[in-house]
Amino acid sequence: MPTSREVFDMANKIKPQPGIMNIALYQGGASHVEGATNVLKLSSNENPLGPSDAAKDAFSRAVHSLHRYPNTDHASLRAAIGEVWSVDPDRVICGVGSDEIIHFLCQAYVGKKDEVIFTEHGFAMYRISTLAAGGTPVEVKENERVTDVDAILAACTAKTKLVFIANPNNPTGTMIGQSELARLAEGLPAQAILVLDGAYAEYVAGYDAGLKLIEGRDNVVMTRTFSKIYGLGGLRVGWGYGPQAIIDVLNRIRGPFNMSSGALTAAEAAVRDVAYTAKCRDDNARWREWLAKGLAEIGVPSDTSTANFVLARFGSEDEANACDDHLKSQGILVRRVAGYKLPNCLRITVGDESACRRVVHAVAQFKGLRT
Ligand SMILES: *Cc1c(COP(=O)(O)O)cnc(C)c1O
């Protein structure tokens, strides 16, 4: 006997496009604990220092022209990005978070039965945007939590349209080097684009996020965000960079007023404040090493992270969950990553000094090493 719900579904002629109902709703990082004060949120890789003062000032000034539409070409923000990153502003596209750039890429290049490759511990948005476009997600193995270029190349077919890798990757924190990136770009079939998600690129001193690779080829695009090191997750600003032909395609499907005026002006001030960005990178590197070492000393190892979080490994899924429960009881929110096929791990954002000390203390309590 079909249930009444199934009878309704069979009779109902109003249906979304194929693939949409296969999308699992995105689970964001938890942000509150029942009954706890002094909650420490380390579940969404946010910058513990927040945005630069220049960005906050710019956002406050935007309040005086809220009745005006924002500009549609984002020229001022693109020019600032061009200066700071030495890129051609004509080939920069701005989006509502890098999520929107990922979405544009799937909408523009992926049709029914087309395949999109990403890795087994890859970012959730790649699957969501692929399914939303009607495409087929193809998930490939990583090599001990590191992107495996050979596995990706082996998975490519005549239907592969996009290959997404985050470098550094979330939630593993690992990354691959320039020669591996080049080998991947070189080995893709002619109809496929390599998308380098550089959400954490600014945390890696000396890393160009793939710029040199983009300049020498016509099949590589990068996505970047203001949500992480720039501390502007609440405003939703991201950008993409790539060959002119691809950026022109993406601009055709971009809504003319996708970015709000406050977001544009705050992001411009943020990217220009290179001293503040450098300070955030240095602080993060310092406390990330401290946190990883502190956890390792109490029996919780992690891979060497290149980003603003540490992927803490436990002996089992039960132990990881029990530690998460203990942290929560102490008002500390971290991220469970079973949904990323890492059930015995917890992803912990690198906070400021007191946050890192609180985490190590609480994990040591959990291990019975402290009271
Ligand atoms: C956080 C994150 C982003 C950023 O997304 P926004 O939409 O720009 O906030 C993109 N990719 C990865 C891998 C991330 O972890």
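Counting starts at 1 for both ligands and their atoms, in listed order. Worth saying up front: this structure is predicted, and the values here are computed from it rather than measured. Nothing fancy with the numbering, it's 1 onward along the sequence.
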Atoms of ligand 1, numbered as shown, that sit under 4.0 Å from any heavy atom of Arg236: 6 (P), 7 (O), 9 (O)

Proximity to ligand 1 by part of Tyr200, non-hydrogen separation under 4.0 Å: side chain

Heavy-atom donor-acceptor pair, Asn308 side chain to Asn45 backbone, under 3.5 Å: yes

Atoms of ligand 1, numbered as shown, that sit under 4.0 Å from any heavy atom of Ser227: 6 (P), 8 (O), 9 (O)

Ring-ring centroid check Phe257 Tyr69, cutoff 6.0 Å: yes

Numbered atoms of ligand 1 (with element) below 4.0 Å of Ala199, judged on heavy atoms: 2 (C), 3 (C), 10 (C), 11 (N), 12 (C), 14 (C)

Distance-only N or O hit between ligand 1 and Tyr126, under 3.5 Å: no

Nearest-option assignment for atom 13 (C) of ligand 1, heavy atoms, candidates Asn167, Thr223, Asp197, Ile101: Asp197

Side-chain (Asn344) to main-chain (Phe314) donor-acceptor, under 3.5 angstrom: yes

Side chain Thr349, main chain Leu42, donor-acceptor under 3.5 Å: yes

Asp114: partners by salt bridge (Lys or Arg N to Asp or Glu O under 4.0 Å), with sequence neighbours left out: Lys161

Salt bridge flag under 4.0 Å for residues Glu353 and Arg286: no

Nearest protein heavy atom with distance in Å, relative to atom 10 (C) of ligand 1: Ser98 OG, 3.4 Å

Shared hydrophobic cluster, Val116 / Ile253 (ILVMFWY, side-chain heavy atoms < 4.5 Å): yes

Asn170: numbered ligand 1 atoms lying under 4.0 Å from its heavy atoms: 13 (C), 14 (C), 15 (O)

For Gly97, atoms of ligand 1 separated by under 4.0 Å from a heavy atom: 6 (P), 7 (O), 8 (O)

Contacting atoms of ligand 1, where contact means under 4.0 angstrom from a heavy atom of Lys228: 1 (C), 2 (C), 3 (C), 4 (C), 14 (C), 15 (O)

